[in-house]
Protein chains: 2
Amino acid sequence: MAVPLYQAKAEFFRTLGHPVRIRVLELLQDGPRPVRELLAAIEVEPSNLSQQLAVLRRTQLVTATREGNTVVYALSTPDVAELLRAARRILTEMISDQESLLAELREPDRQAHRA
Amino acid sequence: MAVPLYQAKAEFFRTLGHPVRIRVLELLQDGPRPVRELLAAIEVEPSNLSQQLAVLRRTQLVTATREGNTVVYALSTPDVAELLRAARRILTEMISDQESLLAELREPDRQAHRA
DNA sequence: TATGAATGTGAAGAATTCTTCAACTTGCAA
DNA sequence: TTGCAAGTTGAAGAATTCTTCACATTCATA
């Protein structure tokens with residue numbers, strides 16, 4: 001409640017800041033998935049995955065529904081998928097920027113193309 | 001180089017996952033700022049701010065330029081600002097969703113409005 | 001109802017990240 | 001030069017987060 005917005009934001013990003021959690025969210029972008037499938041795709045111990053899923057549940061990024069013997073996870077809102085797409089786009093750009101910078105440093109003045 | 005993309009992403013988000021760093025990035029959204037101003041706005045010890053700025057520099061999110069006696073920081077690409085805007089939008093939505101859910105739980109069945 | 005498969009949980013040590021302190025640079029100006 | 005203001009840095013203890021282990025739940029079915 002009294003949590004300042006910038007702190008809420010920081011917490012939100014920290015939640016995204018774990019490889020397993022990122023992969024889970026990305027898998028869920030294509031629709032709900034049972035734990036079993038996540039487990040098959042992610043290569044991590046079951047209890048570890050459970051811990052990470054618990055984090056995602058606590059922060060409301062995903063929802064879990066029991067269906068008989070299995071538990072199905074889903075993104076709690078499509079906004080999450082949107083943010084991930086934005087992040088991917090930006091990361092890709094940043095990385096390719098770095099790469100072309102590197103390339104330029106390696107072979108300097110080869111058909112220079114600056115702004 | 002051999003770092004899997006999902007790990008790069010996780011690192012990226014972790015970098016954003018700190019209140020001081022978030023505030024710095026938000027202040028820089030409106031243009032370059034000398035450390036002095038950041039310090040005035042953020043309320044944190046100089047050495048702590050420096051540490052966080054160092055993190056942002058290492059991950060290439062910002063650039064620093066010395067101008068005589070002061071050091072001026074800037075976002076290294078407008079993409080960062082874009083991501084922050086996306087995040088703000090999403091967070092705001094998620095929070096308001098939670099709030100209306102809460103409201104509904106508090107006064108149930110008062111003019112129900114579901115999909 | 002006894003079993004087993006699918007998941008989840010609390011706890012503890014390992015690993016990371018934060019904060020703070022003291023000391024160090026850089027540039028300017030007395 | 002000397003001194004001071006503006007920032008930065010390395011190091012270390014504090015705090016947080018991860019991973020893993022042992023054990024618990026929940027369902028379905030034999």
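Here is the naming used below: chain letters follow the sequence lines, and residue numbers restart at 1 for every chain.
- Taking B/Arg33 as the reference, B/Glu37 meet the salt bridge (Lys or Arg N to Asp or Glu O under 4.0 Å) condition, with sequence neighbours excluded.
- The distance from atom CG of A/Leu53 to atom P of C/dT9 is 10 Å, rounded to the nearest whole Å.
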Might you list the N or O atoms of the protein lying below 3.5 Å from N or O atoms in nucleotides 16-18 of chain D, with each pair's distance?
from	atom 1	to	atom 2	distance (Å)
D/dT17	OP1	A/Arg14	NH1	2.7
D/dC18	OP1	A/Arg21	NH2	3.1

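- Taking only distance into account, the side chain of B/Gln51 meets the base of C/dT20 through a donor-acceptor pair shorter than 3.5 Å.
- Between A/Tyr73 and the phosphate of C/dA6, there is no side-chain N or O to OP1/OP2 separation shorter than 4.0 Å.
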Please enumerate all protein N or O atoms sitting under 3.5 Å from an N or O of nucleotides 22-28 of chain D, with distances to 0.1 Å.
none

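- B/Ser50 comes within 4.0 angstrom of a base, heavy atoms only.
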Got a list of side-chain donor-acceptor pairs under 3.5 Å for residues 66-81 of chain A, not counting sequence neighbours?
from	atom 1	to	atom 2	distance (Å)
A/Arg66	NE	A/Gly68	O	3.2
A/Tyr73	OH	A/Arg57	NE	3.1
A/Tyr73	OH	A/Arg57	NH2	3.3
A/Ser76	OG	A/Gln60	O	2.5
A/Ser76	OG	A/Leu61	O	3.1
A/Thr77	OG1	A/Asp79	N	2.8
A/Thr77	OG1	A/Asp79	OD2	3.2

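- In the region residues 23-39 of chain A, proximity to DNA chain D at under 4.0 angstrom, judged on heavy atoms, holds for none of the residues.
- Legend: salt bridge (charged side-chain N to carboxylate O under 4.0 Å, His left out) pairs involving residues 16-29 of chain B, not counting sequence neighbours, sorted by first then second residue: A/Lys9-B/Glu26, B/Glu26-B/Arg88.
- In this structure, CG of A/Leu49 is placed 16 Å from P of D/dC21, rounded to the nearest angstrom.
- Scanning for salt bridge (Lys or Arg N to Asp or Glu O under 4.0 Å) contacts around B/Arg89 gives A/Glu82, with sequence neighbours left out.
- Within the helix from C/dT1-D/dA30 to C/dA30-D/dT1, the inter-axis angle between the opening and closing five-pair segments is 0°, rounded to 10°.
- Residue B/Arg57 places at least one side-chain N or O closer than 4.0 Å to OP1 or OP2 of D/dT9.
- In this structure, the side chains of A/Leu5 and B/Thr92 stay at 4.5 Å or more apart for every pair of heavy atoms.
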